[in-house]
Protein chains: 2
Amino acid sequence: MPCPTHRRRTGRTGRPRSTEANRAILDATRAALVELGWGKLTMSDVAARAKVAKTTLYRRWAGKSELVVDAVADLFDEHLELPDRGSLHADVEGVVLQFAALLERPETKTALMAVVAESTRDEALRDRIRSAIVERQKRLVLLGRERAQARGELPYDSDPSVAASQADLIFDLIAGTVVHRALVSAEPVDAEWAATFSTLVVSGVQATLGATTAANGATTANASPPAPAATDPPRDPAAAPPG
Amino acid sequence: MPCPTHRRRTGRTGRPRSTEANRAILDATRAALVELGWGKLTMSDVAARAKVAKTTLYRRWAGKSELVVDAVADLFDEHLELPDRGSLHADVEGVVLQFAALLERPETKTALMAVVAESTRDEALRDRIRSAIVERQKRLVLLGRERAQARGELPYDSDPSVAASQADLIFDLIAGTVVHRALVSAEPVDAEWAATFSTLVVSGVQATLGATTAANGATTANASPPAPAATDPPRDPAAAPPG
DNA sequence: CTCTTTCGCTACGAGTCGTAGCGTAACTGT
DNA sequence: ACAGTTACGCTACGACTCGTAGCGAAAGAG
């Protein structure tokens, strides 16, 4: 056949799933989200746009929600990173503006809340959102914390479990507040708001540090090589869902 | 005679809509949300539960989204208030726990995100959410601010527009973060978390007050905040750790 | 008593869902 | 080359939901 495309090597026998179709489906899903929104998006429509059979969709994804999660997860990986701007405040500000820009896209705007709403009744879907979006983007918080610690803006962690819960708090704080302003209050996340909010975040986080780790000599942590963790987990776009 | 100035005295002529049916429908909607969730809730099912005709539903609400907004708005009015606990921190803590308890209910859990998702493509629905839920609950923030000002924990507003934007920020901050932790991260909003978060909120808000009203020769707050120094200039990468 | 509006009920076309069945295409191991 | 295995496109299907239309009856307003 005139299509000697590179297929991923797998131990499984039989005809492998077309990676081209996978990409075409996710692209079609995003396009359909832009045009139709979550409510009017149908599996048949996505199949027609991607020029695949409707049954192929159901062989790879359990339903609309799972498909859309994968479609928007790509956008998160592509458009969110942590620019190193020299201070915790500036780093927070940068990621807030990036996240706001992502939330202004019609695809993410209409899809994110919908899949989260579905996930409240579907534990498997919630796990998929966690692994595909939440946990992947929480690396920004962990990286930002490490940089702030290296600069001396935050104390090094005495207890790793405390570090994890603080990272969770910061993540909920930034993501939740920006989402709420952008989608519920429906007011713009502009540079001025981002600056004010970042000031709030930095001051608030430092305040909670003083409260929870009061016993530690927090100021000017003794420099210890923080063992720069690799920050780039290889993307796995060919992670075929169970069919 | 139809006097044009007194047209709306008792309403229009003809048979009035049954208020009992209205209540039965909203109760049935909440019950259906508990049992079925947003996705599987249908208008026919609600009509059957409320023992009214399906056409009656469509005579009063444009669709599923509008109906559910009204159904959950009642819960917000009923279960959210601002207890006066003597300090801004305690007030925030109280409202956070109330909001978290409300979000643990199956009705609100599955409905809130869904209607917000729909509202991203339906401006009329977004206005309905604003007037029925958002603006009604924003009074808690305004009231809490007034109490904090009376206690000396926050300075009085020099500019009412600044006060409004600060109230919006606090509202997005609390509601957004709690929603994100409860529904996205799916982790419990317990007393410990609420205490830590409230500390963050109070310190953060005080920090933004200093930053945004710095230009104004504003009346500095009579009560000096307890300890955590605001150490971060908004636009300057000069990073000075607390100490 | 008349006028107006809402009520319950039935029925309908249109659309979506998720699955089953079939024959074919593509790749793997011997 | 061959058999084995899996994915693909296509068609068709029953079940379900949607939102509306039409009807006669009921309930208040003037």
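Throughout, protein chains are lettered first and strands after them, A, B, ... in sequence-line order, and every chain is numbered starting at 1. Just so you know, these numbers use all the heavy atoms, side chains as well, and skip hydrogens, waters and symmetry mates.
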How many Å lie between CD on B/Glu20 and P on D/dG28, as a whole number? 10 Å

Quick one: side chain to side chain donor-acceptor pair (under 3.5 Å) partners of B/Ser198, sequence neighbours excluded? none

Atom-to-atom span, CE of A/Met43 to P of D/dC10 - whole angstrom: 17 Å

When the distance from NZ of A/Lys64 to C1' of C/dG15 is rounded to whole Å, what number comes out? 13 Å

Salt-bridged, B/Lys138 to B/Asp168, with N to O below 4.0 Å? yes

Any side-chain heavy-atom pair from B/Leu140 and B/Phe171 closer than 4.5 angstrom? no

Atom CG of A/Asp45 and atom P of C/dT16: how far apart are they, to the nearest Å? 8 Å

A/Glu123 side, atom CD; A/Asp127 side, atom CG - distance, nearest 0.5 Å: 6.0 Å

Distance in angstrom units between A/Lys40 NZ and D/dG19 C1', rounded: 12 Å

Where each residue is assigned the nucleotide of DNA chain C containing its nearest heavy atom, which of B/Ser18 and A/Ser44 is assigned the position nearer the 5′ end? B/Ser18

Closest-nucleotide ordering on DNA chain D, the 5'-leading residue of B/Thr55 and B/Arg15: B/Thr55

OP1 or OP2 of D/dA7 under 4.0 Å from side-chain N/O of A/Thr56: no

Mind calculating the distance between CH2 (A/Trp61) and P (D/dA7) to the nearest angstrom? 13 Å

Under 3.5 Å, is there an N or O donor on one side and an acceptor on the other linking the side chain of A/Lys54 and the base of C/dG18? yes

Distance check needed: D/dA7 P versus A/Arg17 CZ, whole Å only. 5 Å

A/Leu57 CG to D/dC10 P, in whole Å, measures 13 Å

By nearest nucleotide on DNA chain D, pick out whichever of B/Arg59 and B/Gly63 is the more 5' one. B/Gly63

